[in-house]
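Below is one structure, written out as structure tokens; comments come after it.
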Amino acid sequence: MAGGWKKCLFLIGFRLICLKTVVSAKTAPQIPTIDQAYSKISNSITVEWATVPGATSYLLTAEDGDTVIETMVANSPGTVTGLKAATLYQITIRSISASGRSQASPPKQAKTVLAAPILEVSSPSPDSILVQWEAVYMAIGFSVSIMQANGLGRIWKENTTNTSLTFSSLDAGTLYTIKAYAWNANGIPGDDSTCNQRTMACAPGRVIIQEDPPGHLSVAWSNVDLGDYYVAFVKSDDGWEVHCNTSTTQCSFLSECGFTYFISVFAYNKAGQSPLGDVFNYTTAPCCPSDINPVLVSSERVEMVWSPVRGAELYETKAVAGSNVVECNDTAPACTLSALECDTKYSITVYSFSEVRGINMSCRSRFITTGPCSPEIINISKDAFSMIHVHWRSTNDDATYTVTAQGEKGLYQCSSTGEVCTLGDLPCGSVFSVTAVAETQAGWSLPSYSMPLETVPCCPTGMTVTQVTQSVINVSWTIGMAAQTYVTVLESHIGQSKCHTHQSHCLLGCITCGINYTVALKAISATGLTADCAYQSYSSNACCPLGVKLYRLGPNGIRIYWQASRGSANYSTDLYGSKGIFTCTPSAGLSFCDVTEIPCGDVYTVVVSPVAETGLKLTFCPKKIYSVTCSGSTLGMVIYRGKRNDTVSPR
């Protein structure tokens with residue numbers, strides 16, 4: 001298959017050679033002569049020559065060493081297109097007729113002109129137009145002209161070697177036509193570029209920025225002649241940016257507290273964007289603290305902390321309750337309000353402040369009630385049941401009061417919503433410090449000034465009454481806590497006996513025998529507090545008998561005789577001698593007693609004593625001494641050996 005293609009190509013080439021030979025054999029047209037070749041457009045060269053008789057067309061050829069471009073034309077002049085700007089070409093021409101084509105003419109050199117500059121046109125201000133372009137190959141200078149597109153007015157033309165040019169003092173909002181071209185070292189101009197540009201509208205003026213209400217930023221400006229619409233740009237200092245397009249002269253934006261916003265407004269028309277006017281900055285009010293936490297609320301002080309807020313350079317805290325106003329200013333996010341009134345509801349507001357915007361007065365207030373006022377204890381009283389009543393005075397609303405009595409023996413409390421409460425079961429003989437505090441929903445008050453409380457001394461745990469003599473009794477007791485002295489009172493229907501002592505016993509005289517008494521004991525502290533400790537019934541013993549006498553009954557017997565005291569009593573008779581003790585107990589109601597088998601010739605001590613109901617024999621009755629002689633008979637003498645001698649005869 002490949003061999004077939006080669007054979008075909010060979011045959012085609014052979015036929016062409018043959019054809020060429022045949023043509024050459026005919027008469028070819030004359031060779032044209034180029035009169036001139038020149039370039040007026042950067043991508044073409046125009047060629048002029050004399051007409052060749054019989055020629056029906058001409059073939060123009062342009063070569064630059066790299067490329068060959070041919071163009072068929074009908075007659076002179078002819079133009080070769082598709083060329084490169086500012087490039088030197090060899091130009092030749094051939095004439096063509098029915099008999100063939102001529103040989104190429106002698107070459108003529110021609111160079112294409114410079115390319116047209118590519119223009120970028122803008123209007124940076126209402127009275128100017130900026131023309132910019134890139135460098136053009138082989139250009140050493142540029143010519144730029146401007147005129148109103150409607151043909152009115154003058155034409156401005158400027159030559160420059162730069163690649164930009166500004167035309168000023170133009171009419172605002174006017175359409176201008178701009179034309180520019182480059183020239184080479186020979187001063188030959190290149191292609192020109194033409195474009196239209198309208199000057200602009202002016203930047204909006206009298207820009208007014210307001211924040212009303214907070215969180216809404218309103219930007220307004222004056223109307224601009226020749227402005228079709230406006231774009232307002234708002235950029236915050238953290239990089240956030242928004243804009244709005246409007247045909248009106250006002251835009252609204254959402255704003256946040258504590259930010260600085262940079263605002264610029266542009267007007268637009270067919271010419272494009274207005275130049276940048278003044279850039280305004282607006283700082284919104286500093287943010288208000290929101291997480292205000294009271295860390296301490298007392299009766300006269302409130303301590304608060306909060307998180308720092310954006311834009312705040314200073315915080316002003318104000319507490320208001322009627323005409324009472326307390327303030328504090330600090331750069332720290334904390335405040336201590338002192339010298340407040342107790343149990344008072346304050347409206348407390350923390351305002352944020354910045355030097356640019358001042359105080360943010362929209363910060364929300366909150367209400368805090370200070371702690372209750374301290375109560376004042378005015379009296380401590382004791383009732384008949386040994387209950388302690390504590391009275392106080394206070395001005396709090398809806399407060400609960402707790403009274404505390406604290407001493408070495410412990411702590412005792414009572415509570416009340418009124419102005420008195422009762423402390424019970426306080427130990428005797430103790431000293432307490434009594435204070436009162438108030439409690440409300442706001443907290444606790446400071447404690448009141450303390451008031452001392454002394455309980456009555458402790459009563460002795462036991463009391464004993466002992467009759468010492470017929471008219472004297474001894475009352476004894478144990479020591480009571482905190483008791484310094486004691487008062488003992490013996491009382492009956494016939495009178496009273498009283499003893500005041502610092503000891504634990506006391507002798508009471510003037511006792512009447514055989515009488516029922518009441519014994520009372522009081523314990524008294526060093527400060528004079530008295531405890532009524534004990535009431536005890538006591539019956540004094542029967543009186544000692546009177547007129548005790550002895551009579552001899554035979555050789556070994558004695559009768560003891562006495563006169564019974566008032567009241568009924570049992571008696572016991574004892575005779576104490578060197579040879580023994582002899583006792584006899586008479587029958588009830590009798591006033592004598594017989595002792596048998598008693599030795600004579602001895603001295604006896606005789607005691608006749610009443611016997612108590614308990615069976616105890618009293619020992620305080622008077623003793624009498626008698627001598628019993630032995631006379632050898634049944635009759636004898638019993639001699640009283642006391643102050644006087646009695647001779648007793650037998651009955």
Side-chain angles (χ1 to χ4, degrees), residues 292-305 317-326 335-349 364-456 458 482 525 527 529-532:
I292 302 173
N293 296 311
V295 295
L296 173 65
V297 177
S298 68
S299 299
E300 59 180 16
R301 191 170 81 255
V302 173
E303 296 180 10
M304 299 180 299
V305 296
T317 305
K318 182 178 293 186
V320 179
S323 59
N324 185 11
V325 179
V326 179
C335 176
T336 298
L337 295 167
S338 303
L340 303 179
E341 295 182 358
C342 56
D343 195 43
T344 302
K345 187 176 183 180
Y346 282 88
S347 173
I348 298 181
T349 310
R364 183 177 60 88
S365 301
R366 63 177 300 170
F367 291 96
I368 295 179
T369 301
T370 53
C373 303
S374 298
E376 178 188 1
I377 298 177
I378 56 177
N379 184 34
I380 299 178
S381 61
K382 176 184 175 183
D383 62 17
F385 302 99
S386 299
M387 303 299 287
I388 304 298
H389 304 285
V390 182
H391 303 260
W392 61 85
R393 178 170 48 238
S394 183
T395 59
N396 297 312
D397 295 329
D398 299 326
T400 299
Y401 299 89
T402 299
V403 174
T404 301
Q406 187 169 12
E408 293 182 354
K409 293 189 177 180
L411 183 144
Y412 298 82
Q413 290 183 324
C414 65
S415 297
S416 172
T417 57
E419 293 186 334
V420 64
C421 76
T422 301
L423 291 167
D425 300 325
L426 295 182
C428 60
S430 300
V431 176
F432 294 91
S433 175
V434 180
T435 58
V437 294
E439 181 187 12
T440 63
Q441 291 183 348
W444 294 85
S445 72
L446 294 173
S448 66
Y449 294 116
S450 63
M451 183 173 285
L453 170 63
E454 179 184 0
T455 56
V456 295
C458 296
S525 70
T527 59
L529 290 179
T530 301
D532 294 324

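Just so you know, residue 1 is the first one in the sequence shown, and it goes up from there.
Minimum interatomic distance between S445 and P375 (heavy atoms only, all atoms of both residues): OG-CD, 3.9 Å. The minimum heavy-atom distance between S394 and C373, with the atom names listed, is OG-O, 4.2 Å. Across all non-hydrogen atoms, the minimal contact from E419 to R393 is OE2-CA, 4.3 Å. In this structure, T440 and P372 approach most closely via the heavy-atom pair OG1-CD, 3.5 Å. Residue T402 comes nearest to S415 through the heavy atom pair OG1-OG, 3.3 Å, listed as atom of the first residue, atom of the second, then distance. Taking each heavy atom of C342 and T370 in turn, the nearest pair found is C-OG1, 3.3 Å.
Here the options are V320, V325, L340, the test is side-chain contact (heavy atoms from CB on, under 4.5 Å), and the partner is Y346; only L340 passes. Results of the side-chain contact (heavy atoms from CB on, under 4.5 Å) test with L453 over V434, V390, V431, I377 single out V434 as the only residue that passes.
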Decide yes or no on side-chain contact (heavy atoms from CB on, under 4.5 Å) for N324 and T344, but give the supporting numbers first. CA-CA 10 Å; N324 185 11; T344 302; 5.9 Å; no

Between L296 and R301, does the side-chain contact (heavy atoms from CB on, under 4.5 Å) criterion hold? Intermediate values first, please. CA-CA 8 Å; L296 173 65; R301 191 170 81 255; 2.9 Å; yes

Apply the test side-chain contact (heavy atoms from CB on, under 4.5 Å) to residues S374 and Y449: give CA-CA distance (whole Å), side-chain angles for both, the deciding distance (0.1 Å), then the verdict. CA-CA 9 Å; S374 298; Y449 294 116; over 6 Å; no

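Atoms OG1 and CG, on T369 and D343 in that order, are 7.5 Å from each other to the nearest 0.5 Å. The CD atom of Q406 lies 7.5 Å from the OG1 atom of T435; values are rounded to the nearest 0.5 Å. Expressed to the nearest 0.5 Å, how far NZ of K409 lies from CG of L426 amounts to 11.0 Å. Interatomic distance, S365 OG to I292 CD1, rounded to the nearest 0.5 Å: 9.0 Å. To the nearest 0.5 Å, atoms SG (C428) and CG (L529) are separated by 12.0 Å. To the nearest 0.5 Å, atoms NE2 (H389) and NZ (K382) are separated by 10.5 Å.
V403 has its side chain within reach of C414: a pair of non-hydrogen atoms, C-beta onward, lies under 4.5 Å apart.
T455 contributes a side-chain N or O that, together with a main-chain N or O of S430, makes up a donor-acceptor pair within less than 3.5 Å.
Side-chain contact, Q413 with T404: a donor N or O sits under 3.5 Å from an acceptor N or O.
Ring geometry, Y412 versus F432: the interplanar angle exceeds 60°, so the pair is classed perpendicular (tilted spans 30 to 60°).
Annotation for D398: atom CG does not count as buried by contact number, only 12 or fewer foreign heavy atoms lying within 6.0 Å.
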